[in-house]
4 protein chains.
Amino acid sequence: MTAEDKSVAVRRGSIGARRNPASQQAILDAAEAILREEGLSGFSIEAVARRARAGKPTIYRWWPSKAALLLDVYQGFKNSRQFPDTGNFEKDLRGFLTNQLIGFWHDGLCGTVFRSVIAEAQSDPSAAEALFAYERARRKFAERLVDRAKARGEIDPGSNSAIIIELLAGFAWHRLLTGRLAGSDADVEAVIATILAATKKNPGT
Amino acid sequence: MTAEDKSVAVRRGSIGARRNPASQQAILDAAEAILREEGLSGFSIEAVARRARAGKPTIYRWWPSKAALLLDVYQGFKNSRQFPDTGNFEKDLRGFLTNQLIGFWHDGLCGTVFRSVIAEAQSDPSAAEALFAYERARRKFAERLVDRAKARGEIDPGSNSAIIIELLAGFAWHRLLTGRLAGSDADVEAVIATILAATKKNPGT
Amino acid sequence: MTAEDKSVAVRRGSIGARRNPASQQAILDAAEAILREEGLSGFSIEAVARRARAGKPTIYRWWPSKAALLLDVYQGFKNSRQFPDTGNFEKDLRGFLTNQLIGFWHDGLCGTVFRSVIAEAQSDPSAAEALFAYERARRKFAERLVDRAKARGEIDPGSNSAIIIELLAGFAWHRLLTGRLAGSDADVEAVIATILAATKKNPGT
Amino acid sequence: MTAEDKSVAVRRGSIGARRNPASQQAILDAAEAILREEGLSGFSIEAVARRARAGKPTIYRWWPSKAALLLDVYQGFKNSRQFPDTGNFEKDLRGFLTNQLIGFWHDGLCGTVFRSVIAEAQSDPSAAEALFAYERARRKFAERLVDRAKARGEIDPGSNSAIIIELLAGFAWHRLLTGRLAGSDADVEAVIATILAATKKNPGT
DNA sequence: AGCTAACCGAGACGGTACGTCTAGTCTTGCG
DNA sequence: CGCAAGACTAGACGTACCGTCTCGGTTAGCT
């Protein structure tokens, strides 16, 4: 068993005229491991191929650019964290910032990977394309958090959902990109308080 | 005469045991020109040296990394824009967003350069160091904008200056990094309105 | 046809996971041409790569050092010249000096290349290693020339083969390295006469 | 005192409009020390200037090339060894090989320096010029050794002085350049024996 | 059952850029 | 004017990756 196990690990080979999921997984695993162990500066297609014992063309066949691979690694993380509808605006805000943004990036590798994707997108148009589409969708989704609060009559109905979400996202990006995710807990509360103040229902009406 | 003129232009040489400002300027100019014409992906120390007709060691002598050079190019822009104290919180906010952030980046090359610096900082620790110090200083400076409004009694004295400034900066970074600076004018107004709402003095007290 | 022909010539590319003999040959040719046209001082890996339209790593992949490449160029020459057993000591001596050493180096490029290898070996240990091994083998081979004469009873059986060969080789190296190969013909005869005198059979016994 | 002492050591400075012998000596000493400690491959004008705390132009002003400096270092050694007229051909030969060539190079640094000069001369014409002139003069001088023996009637009057000296010099160069100076003592005796045999007076006449 | 098409690993290829080193020239300011 | 100092252009060094290519081998699915 060990022998076969080893030979499987060492040599994957083709499984015919279709994508080999074992190779795909080995490449994603290698990419993740390199990012974890050496950071973005040690991350290269060459290094991933070496570590995954894969040929470079195999990578280029399935991921058109470094950023596409990074984004794919990143999306592998997302499934775990929850983003539930708590029925309360403040709790939803806290959940969004904590589970989807700062807290999520903070633990483990996700933040590193996302920073890398953003950096890559600044010089690679196709990476930008992919990242912006992903980001746009996530913001659209998060805006429903505000809309639900408006629908419940919990906040000022004139609140601008898109702006509120982008303020939150911007804050989180800024923390991520300036290396200040750690110790953001108190500041998250201050941000929530600010947003709550900005969306409070006008008492005079 | 023309021949000599050309040879003078082509060959700068040393001016003794001290930095040659002509070389320094030629390098900054070349760096800017390359960023303008080819963008970040075409930007390399090699290309700058070639274009500036400078030796690579001359660049490495004065700028320890690609990012240091980028940041230097960026700071060459800053002198023009004003950031005055208007005596009015809303106008100050608008001025900050427009003259220091979004509007400033939008016109010309500045945005491109700043994006490049941010990207570089994600993989190069020394670039991160320089950018973060620069950024921290600018935020500290901008926080006085909020503090002045508090001192004037214009806004809620409990407003958190640091958070407000970082929300604005984060919003602007996010627009810059997702390529959405253009057409942000209406959104800038919405952001200002949100911040004003969040800092409105409590009428009940 | 010409266009395609040219493009074929210009771009060699890989032929799979093995050495491309066309590249190998192009590099050797370029190295030889540079030595011929510009001499050792113009010889650099960079220049060879440029001329051969090859990448530098392709050269470093197959030749660990400048000297290894030089030695390879040199050995490309050797095949032509003969070094036959004439059955006569004097003729063998003359053939050795003329065909293997002085005369061989004198004509064309060989002398230049060999001088370069020797020079390189004085500062590069791996070059020294290669040159000394090559040289040792050639001396061992040449000593058989003397041993045959001893076996035929043509010369004093007490003659020291190794010393005689090294005297000849040393003489030739000295001429090569002091730029005095030209016009050595008469001196070659004098050397032969000296060696013949030194190995003459003792008539008294 | 200590302060001044240190400043003297650290900073030599100019002594007015004439060559500073302290600088000259410091440069030669530094050159020798680098050759001793790091060998030829670590030897560069740059390194010498650094070690001697001298400006590069100071070196270039007085030594036109790397080889000129090397040769100057080499000639600094020569004064010690003797090369007397013993009145006996065999002893003169032994003295020449031992005191002037192999033995001399073998001990200490001299061999290394001389190898370096020879290597340099293979690519730098001015170095070649200087070395060849030096070498020619020394051979001319050594030929008198043979001529004296002829005059004494000690050897065959038909012996070719120039060839004999060049055979000896060639043998020594070859040993030096192939890194085989060590353990040459027995071989030196064999060379002497060979030369004696070649120059023995014809008993029949 | 044989053929073919696409996949796989491997690694060479021409290139570009890296950051360092040295060459040789130049200019300043001190002595 | 000699000298130390150190900046300057220029370009080679050897390394790391880039993205492309061809190879030989494997396997699945079509004929």
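The chains referred to below are lettered A, B, ... by the order of the sequence lines, with proteins before strands, and numbering in each begins at 1. Everything quoted here is computed from the prediction, not taken from an experiment.
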Inset, instruction - Using a 4.0 Å heavy-atom cut-off, write out nucleotides 23-31 of chain F from 5' to 3' as B (base contacted by protein), S (sugar-phosphate only) or - (no contact). - result: S-BBBS---

Legend entry - Residue-phosphate contact under 4.0 Å: A:Arg61 side-chain N/O, E:dC8 OP1/OP2: yes

Legend entry - Proximity to the side chain of B:Asn20 - top-ranked nucleotide from F:dC8, F:dT9, E:dG14: F:dC8

Inset, instruction - Check D:Phe132 against C:Gly179 and note the closest heavy-atom contact, atom names and distance. - result: CZ-N, 4.0 Å

Name every donor-acceptor pair, under 3.5 Å, that has one atom in a side chain of residues 60-71 of chain A and the other anywhere in the protein, sequence neighbours excluded.
from	atom 1	to	atom 2	distance (Å)
A:Trp63	NE1	A:Asp72	OD2	2.7
A:Ser65	OG	A:Ala67	N	3.4
A:Ser65	OG	A:Ala68	N	3.2

Inset, instruction - Let me see the working for C:Leu28 and C:Gln25 under side chain to side chain contact (heavy atoms under 4.5 Å, CB included), right down to the final yes or no. - result: CA-CA 5 Å; C:Leu28 287 171; C:Gln25 196 53 52; 4.3 Å; yes

Inset, instruction - Please report how far the helix from E:dA1-F:dT31 to E:dG31-F:dC1 bends, comparing the axis fitted to its first five pairs with the axis fitted to its last five, to the nearest 10 degrees. - result: 10°

Legend entry - Where protein sits on nucleotides 12-18 of chain F, one letter per nucleotide: B base, S sugar-phosphate only, - none, heavy atoms under 4.0 Å: SBBBBSB

Legend entry - Any A:Thr58 side-chain nitrogen or oxygen under 4.0 Å from OP1 or OP2 of E:dG9: yes

Legend entry - Closest listed nucleotide, where the reference is the side chain of A:Arg53 and the choices are E:dA12, E:dC7, E:dA10: E:dA10

Inset, instruction - Round to the nearest Å and state the distance from B:Arg51 atom CZ to E:dA17 atom P. - result: 14 Å

Inset, instruction - Whole angstrom is fine here: how far is it from CD1 in A:Ile27 over to C1' in E:dC8? - result: 10 Å

Inset, instruction - Can you sort out the partners of C:Glu120 under side-chain hydrogen bond (donor to acceptor under 3.5 Å, both in side chains), two or more places apart, ordered by chain and number? - result: none

Inset, instruction - State whether C:Arg12 places a side-chain N or O below 4.0 Å from either non-bridging phosphate oxygen (OP1 or OP2) of E:dG14. - result: yes

Legend entry - Atom-to-atom span, CD1 of D:Ile59 to P of E:dT22 - whole angstrom: 13 Å

Legend entry - Shortest non-hydrogen contact between B:Ile27 and B:Ala52, atoms and distance: CA-CB, 3.9 Å

Legend entry - Least distance between heavy atoms, A:Arg53 atom then A:Arg12 atom: O-NH2, 3.3 Å

For residues 32-42 of chain C, which side-chain donor-acceptor pairs fall under 3.5 Å, sequence neighbours excluded?
from	atom 1	to	atom 2	distance (Å)
C:Glu32	OE2	C:Arg36	NH2	3.0
C:Glu37	OE1	C:Arg51	NH1	3.0
C:Glu37	OE2	C:Arg51	NH2	3.0

Inset, instruction - Give a yes/no on whether any side-chain N or O of B:Trp62 is located under 4.0 angstrom from OP1 or OP2 of F:dC8. - result: yes

Inset, instruction - Locate the shortest heavy-atom distance separating A:Val48 from A:Ile59; write the atom from each residue and the value. - result: CG1-CD1, 3.9 Å

